[in-house]
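One structure below.
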Amino acid sequence: MFNSFALKPFQYLLILMLSISLLSCEKDNTLVFKTTEIISENETIVEVNIPKAEGNTEAAKAINNALASYTNTALTVDSANTAHPTIEENISAFNKSYTAFKTEIGKTLLTELPSWEALIDGEIIYQNEALICIVMNSSINTGGAQGVFNMKFFNFDTETGKELETTDLIADINAFKTLVKKYYDKELETGYKESSLELNDDPFSLPDHLGFSEEGIIIFYDRLSSPSNDPLEFTIPYTVANSYLKF
């Protein structure tokens, strides 16, 4: 007959090994990012620096597809075309669009047509066990007086890679909107001269996307949605906003 007491050290060792194995699996599920860097200096100048989730998990694939889609859309300047599947293909299409435009308009210009430029940049600004927030910026200059600038916050579920909308993040939208309006009004009072504002009668609304940082929730209105010609940005501390969050 086996001595039951003799089995106990083995049982403890087995439990310990299983616990370590489970912890290792949890660590393996943590998303790790590297940076995709692409620089193309042909007739145009294109620079891409965006995060890329490593691994073949569904979450990594979903996040990478969303960031690549943003990049591909930004590079598609010809309204007659749709974005190609890869960033490299869209850089090539960007170059071809410039070459075609240069050929078409070049005969009427007295000076050399300036190169087109595209800069697309992304950065992880917040990450915890439930959420990853990445801010993406694009600046596209195709020879106009001003380039086209765009900024978007992407909020991803760390487990699935699903892009989270405001309704996924905020428990009570109306109450949160009231809170944001208070900060919004205060920002206008302290940051803008009355003469610089172009107020309208449109009802107040939240921005399309929220940002998250270590300090709090980032509220950003671009030039088109701001009452001023300049972007409007402020942060609501978590000490104030935590009660509104779903995570």
Side-chain angles (χ1 to χ4, degrees), residues 31-125 132-156 161-165 207-209 211 220-226 229-231 233:
L31 286 167
V32 177
F33 289 82
K34 62 180 182 180
T35 301
T36 295
E37 298 181 357
I38 303 174
I39 298 177
S40 172
E41 296 182 351
N42 199 339
E43 287 196 277
T44 65
I45 300 172
V46 179
E47 184 173 345
V48 176
N49 296 283
I50 61 174
K52 182 178 181 181
E54 295 187 310
N56 294 315
T57 64
E58 292 304 313
K61 291 177 183 176
I63 292 171
N64 292 337
N65 286 341
L67 301 184
S69 177
Y70 175 92
T71 303
N72 293 337
T73 300
L75 288 168
T76 306
V77 295
D78 189 341
S79 59
N81 296 330
T82 56
H84 295 279
T86 69
I87 295 174
E88 289 78 9
E89 287 176 303
N90 285 291
I91 291 175
S92 178
F94 186 78
N95 288 328
K96 289 178 180 177
S97 293
Y98 171 79
T99 301
F101 181 71
K102 183 179 179 180
T103 300
E104 179 181 347
I105 202 173
K107 297 176 182 179
T108 64
L109 294 178
L110 300 178
T111 59
E112 184 71 15
L113 183 69
S115 295
W116 287 0
E117 297 181 359
L119 172 61
I120 300 164
D121 182 74
E123 180 184 0
I124 300 169
I125 59 173
I132 298 170
C133 183
I134 299 175
V135 59
M136 294 287 288
N137 301 285
S138 66
S139 177
I140 311 296
N141 190 333
T142 56
Q146 292 182 333
V148 177
F149 176 79
N150 176 266
M151 185 177 87
K152 179 180 177 181
F153 294 109
F154 286 85
N155 297 300
F156 297 106
K162 174 189 173 184
E163 187 177 345
L164 301 173
E165 303 297 334
D208 291 336
H209 306 280
F220 176 79
Y221 292 92
D222 61 21
R223 293 182 62 187
L224 296 178
S225 56
S226 170
N229 287 330
D230 297 320
E233 179 179 343

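More than 12 heavy-atom neighbours from other residues, nucleotides or ligands sit within 6.0 angstrom of NZ on K152.
At least one side-chain heavy atom of I87 sits under 4.5 Å from a side-chain heavy atom of I50. No side-chain heavy atom of V135 sits under 4.5 Å from any side-chain heavy atom of F220. Here the side chains of T142 and S97 are not in contact, with every heavy-atom distance at 4.5 Å or above. Between Y98 and N42 there is no side-chain heavy-atom pair separated by less than 4.5 Å. No side-chain heavy atom of D222 sits less than 4.5 Å from a side-chain heavy atom of F149. Residues L67 and K52 form no side-chain contact, since every pair of their non-hydrogen atoms from C-beta on lies 4.5 Å or further apart.
W116 and F101 have tilted rings, their planes meeting at an angle from 30° to 60° on a 0 to 90° scale.
A118 and L75 make their closest contact through CB-CD2, 3.8 Å (heavy atoms, listed as atom of the first residue, atom of the second, distance). Considering all non-hydrogen atoms of both residues, I125 and F153 come closest at CD1-CE2, 3.8 Å. Closest of all the heavy-atom pairs between P85 and N72 is O-ND2, 3.5 Å. Across all non-hydrogen atoms, the minimal contact from P51 to N64 is O-OD1, 4.5 Å. Listed here is the closest heavy atom pair of G161 and F156: O-CD2, 3.4 Å. E37 approaches N49 most closely through the heavy-atom pair CG-OD1, 3.2 Å.
Side chain of N90 to main chain of H84: a donor-acceptor pair is present (N/O by atom type, distance under 3.5 Å, no hydrogens or angles). Distance alone, capped at 3.5 Å, places no donor-acceptor pair between the S69 side chain and the N65 backbone.
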* To do: Give the intermediate values and the outcome of side-chain contact (heavy atoms from CB on, under 4.5 Å) for residues F154 and I63.
  => CA-CA 9 Å; F154 286 85; I63 292 171; over 6 Å; no
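Rounded to the nearest 0.5 angstrom, E104 CD and L113 CG are separated by 11.5 Å. With rounding to the nearest 0.5 Å, the separation of CG in N155 from CD1 in I134 is 9.5 Å. Rounding to the nearest 0.5 Å places CD of E47 at 11.5 Å from OG of S139. The distance from the CG atom of D121 to the CE atom of M136 is 8.0 Å, given to the nearest 0.5 Å.
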